[in-house]
Asks: 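Sharing a structure below in structure tokens format, with a few things to ask.
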Amino acid sequence: MSDPTDFHPDRRRALGLMLGAAASVAATARDALAQGAPATSTPVQSAPTDVGVPRLGEELTPFGAVRAGNRTRAIPPWTGGLTAAPRGYVPDRPSPDPYIEDVRWFTVGAADVERYKVRLTAGQQALLEKFPDSFELALFPSRRSAAAPQRIYDASLANADRAKLGENGLALRDATAGVPFPIPANGVQAMWNHKLRWRGGTVSRTSLTVVQSGDGTRSLTRLREDFASPYAAGDAAAPPLLYRRTILDPKEQAGSSLIVQGTLDPIAARTRAWVREGERGRVVPASDFAYDTPDPVTGGICTADMLDMFSGALDRFDYTLVTRREMYMPYNAHRLTNPSLTMRDILWPHHPNPQFLRYEMHRVWVVDARLKPNFKHSLPDRTFYLDEDSWQILASEHYNGKGELLRYAEAHPLPDWQVPALVPTMEFAFDLTADRYTARGVENGLPPPRYDAPLKLEDFTPDALVRRGRRG
């Protein structure tokens with residue numbers, strides 16, 4: 001096994017490969033669109049004019065995804081996602097895996113990197129090279145299971161004609177409830193789509209965040225997390241996104257809480273945050289929980305703006321919409337969330353047990369982020385991979401100023417047909433400078449998330465932390 005501290009994939013080569021793949025199919029994009037199917041990797045501005053622009057809600061889904069499958073049929077057409085109970089569902093019991101009968105398509109191991117490089121993120125390549133004897137990608141048939149309520153589709157279609165960015169190019173204007181920019185024109189618009197994607201109106205869940213080291217040691221934090229989206233509810237007067245987490249264990253940290261209130265204008269009204277240390281501690285502003293501040297719950301592996309794969313203000317980076325590309329992405333993670341699995345089953349010392357990870361070929365939007373001049377961030381170059389069907393960031397790479405890959409993160413989502421929504425379950429973030437990683441959202445054996453939690457705006461205020469103590 002290679003030394004886990006000496007591998008730093010070069011970002012220029014990774015982006016060059018990506019752009020080269022896009023350019024190599026530009027000549028066939030015209031034929032692919034004319035046949036109703038996308039090319040393997042389509043440059044953002046390559047749609048030919050003589051076959052017309054694909055229409056939102058017709059050739060494109062209400063979220064702007066290509067409705068058709070690809071020419072090889074490895075990606076199927078989108079037919080509305082998973083919206084009905086899977087076979088074997090019993091009320092008040094965990095929903096069964098709707099794709100349990102799927103057979104593994106093939107496996108990508110360390111020896112296969114060159115063959116499949118065009119489909120792999122730089123982070124996946126790094127893991128395969130670092131752990132050639134134990135890590136692999138299990139590829140399964142692609143299931144386009146992402147779905148949303150009709151009102152979210154209707155709002156997304158309406159947003160396509162009215163949503164815009166404000167005078168600073170960052171603030172969001174005139175968008176309501178749905179995806180703001182189903183047909184994004186730039187990287188900022190794509191990132192807003194992730195931040196405001198549909199994931200349910202309110203969510204409350206209890207889960208574990210685990211920091212796993214290569215020597216087998218691990219630290220656990222049990223959290224209760226609450227999320228509300230006044231934006232999705234159409235409430236223009238409230239902050240668009242509300243987040244609260246409370247530490248339940250370990251005992252010495254129990255009651256410590258964080259509240260974050262999002263904003264649609266990061267210049268005029270910045271994101272606000274408050275913390276309380278312990279059950280009876282003072283509630284104080286947490287203006288420093290932003291950007292590259294290490295998140296202590298993750299052992300510092302993740303920065304504050306890596307919460308939910310990416311959150312917070314967009315003002316420090318320039319975002320470029322690079323391409324829409326077919327890649328091997330984590331998806332339909334029912335195997336990973338099986339309630340019969342234990343933490344020892346899932347979390348191996350160097351990486352998660354690949355036996356329980358499911359990858360599929362999906363089209364993703366690739367966004368390149370580079371730190372603006374005169375700003376500081378410990379991870380100044382980043383690449384994000386956004387699912388075209390849901391706008392969930394499925395993977396992200398975080399580089400230093402030398403173009404060396406320091407952090408890699410994946411979100412493993414699954415569809416909840418009862419909402420319906422595609423929601424992240426576990427998120428893994430790997431520290432590629434040290435032999436450790438963190439797993440967020442470990443729920444095996446715990447009560448499932450509640451998507452109709454009776455949460456109110458006042459539950460996400462500093463006064464609520466004062467009133468509620470450990471329950472806050």
Side-chain angles (χ1 to χ4, degrees), residues 2-22 41 113 117-131 135 186-188 190-191 194-195 290-295 298-323 325 327-330 350-351 364-386 393-411 427-438 440:
S2 60
D3 184 348
T5 65
D6 65 3
F7 185 68
H8 297 288
D10 182 81
R11 186 164 187 259
R12 288 195 183 97
R13 283 188 295 165
L15 283 175
L17 175 67
M18 197 177 305
L19 290 169
S41 177
V113 168
K117 182 174 286 186
V118 72
R119 307 286 190 206
L120 301 171
T121 67
Q124 291 166 346
Q125 295 174 48
L127 292 174
L128 289 167
E129 182 162 330
K130 286 180 61 175
F131 308 112
F135 187 71
N186 55 55
V188 172
M191 296 302 286
H194 164 77
K195 285 163 61 69
Y291 304 113
D292 60 351
T293 299
D295 186 346
T298 68
I301 293 175
C302 297
T303 57
D305 60 7
M306 289 172 67
L307 186 67
D308 188 34
M309 296 300 286
F310 178 84
S311 59
L314 295 164
D315 57 326
R316 290 195 179 182
F317 286 78
D318 289 317
Y319 298 89
T320 301
L321 195 58
V322 179
T323 186
R325 181 179 173 193
M327 301 187 71
Y328 298 149
M329 287 285 127
H350 306 289
H351 53 74
V364 291
W365 288 103
V366 182
V367 174
D368 174 54
R370 300 196 177 198
L371 189 67
K372 293 179 178 178
N374 303 320
F375 283 93
K376 292 183 179 180
H377 197 288
S378 59
L379 301 168
D381 291 327
R382 297 165 136 176
T383 304
F384 299 96
Y385 302 87
L386 292 76
I393 292 176
L394 297 175
S396 61
E397 296 155 353
H398 306 266
Y399 298 79
N400 64 14
K402 299 178 181 179
E404 299 170 332
L405 183 58
L406 304 185
R407 301 286 188 275
Y408 175 63
E410 285 186 347
E427 296 179 8
F428 300 106
F430 302 90
D431 180 355
L432 299 176
T433 65
D435 192 7
R436 61 184 191 138
Y437 68 98
T438 185
R440 294 201 252 200

Asks: Evaluate the ring planes of F430 and Y408, with Trp represented by its six-membered ring, and classify them as parallel (under 30°), tilted (30 to 60°) or perpendicular (over 60°).
Replies: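 If you compare the ring of F430 with that of Y408, the planes turn out parallel.
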Asks: Ignoring hydrogens, what is the shortest heavy-atom contact between S311 and L307? Give both atom names and the distance.
Replies: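 For S311 and L307, the tightest heavy-atom pair comes out as OG-O, 3.0 Å.
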Asks: Starting at SG of C302, measure out to CD of E427 and round the result to the nearest 0.5 Å.
Replies: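 CD of E427 is found 8.0 Å from SG of C302.
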Asks: For a salt bridge (Lys or Arg N to Asp or Glu O under 4.0 Å) check, start with the C-alpha distance between D431 and R436, then their side-chain angles and the critical distance, and finish with the verdict.
Replies: CA-CA 6 Å; D431 180 355; R436 61 184 191 138; 3.2 Å; yes
Asks: What are the two closest non-hydrogen atoms of D295 and R440, and how far apart are they?
Replies: OD2-NH1, 3.4 Å
Asks: Do the side chains of L394 and M309 get nearer than 4.5 Å, heavy atoms only?
Replies: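 The answer is no; the side chains never approach within 4.5 Å.
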Asks: May I ask you to decide if V113's main-chain N or O and E129's side chain share a donor-acceptor pair within less than 3.5 Å?
Replies: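 Pair absent, no side-chain N/O of E129 close to backbone of V113.
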Asks: If we only count heavy atoms from C-beta on, is the R316 to K372 side-chain gap below 4.5 Å?
Replies: no
Asks: Is there a side-chain contact between L432 and E404 (heavy atoms, below 4.5 Å)?
Replies: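 Contact flag for L432/E404 side chains = no.
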Asks: Please examine the side chains of T438 and M306, heavy atoms only from C-beta on, and report whether any two atoms are closer than 4.5 Å.
Replies: no
Asks: Does the side chain of D292 reach to within under 4.5 Å of the side chain of K376, using non-hydrogen atoms?
Replies: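 The answer is no; the side chains never approach within 4.5 Å.
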Asks: Would a 4.5 Å heavy-atom cut-off, applied to side chains only, mark E397 and D381 as touching?
Replies: no
Asks: Could you tell me the separation between the CE atom of M327 and the OH atom of Y385, rounded to the nearest 0.5 Å?
Replies: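 Rounded to the nearest 0.5 Å, the CE-OH separation comes out at 4.5 Å.
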Asks: Look at the aromatic rings of F384 and Y319 and report parallel, tilted or perpendicular, splitting at 30° and 60°.
Replies: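 Tilted.
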Asks: Measure the shortest side-chain to side-chain distance between L379 and F317 over non-hydrogen atoms and say whether it is less than 4.5 angstrom.
Replies: no
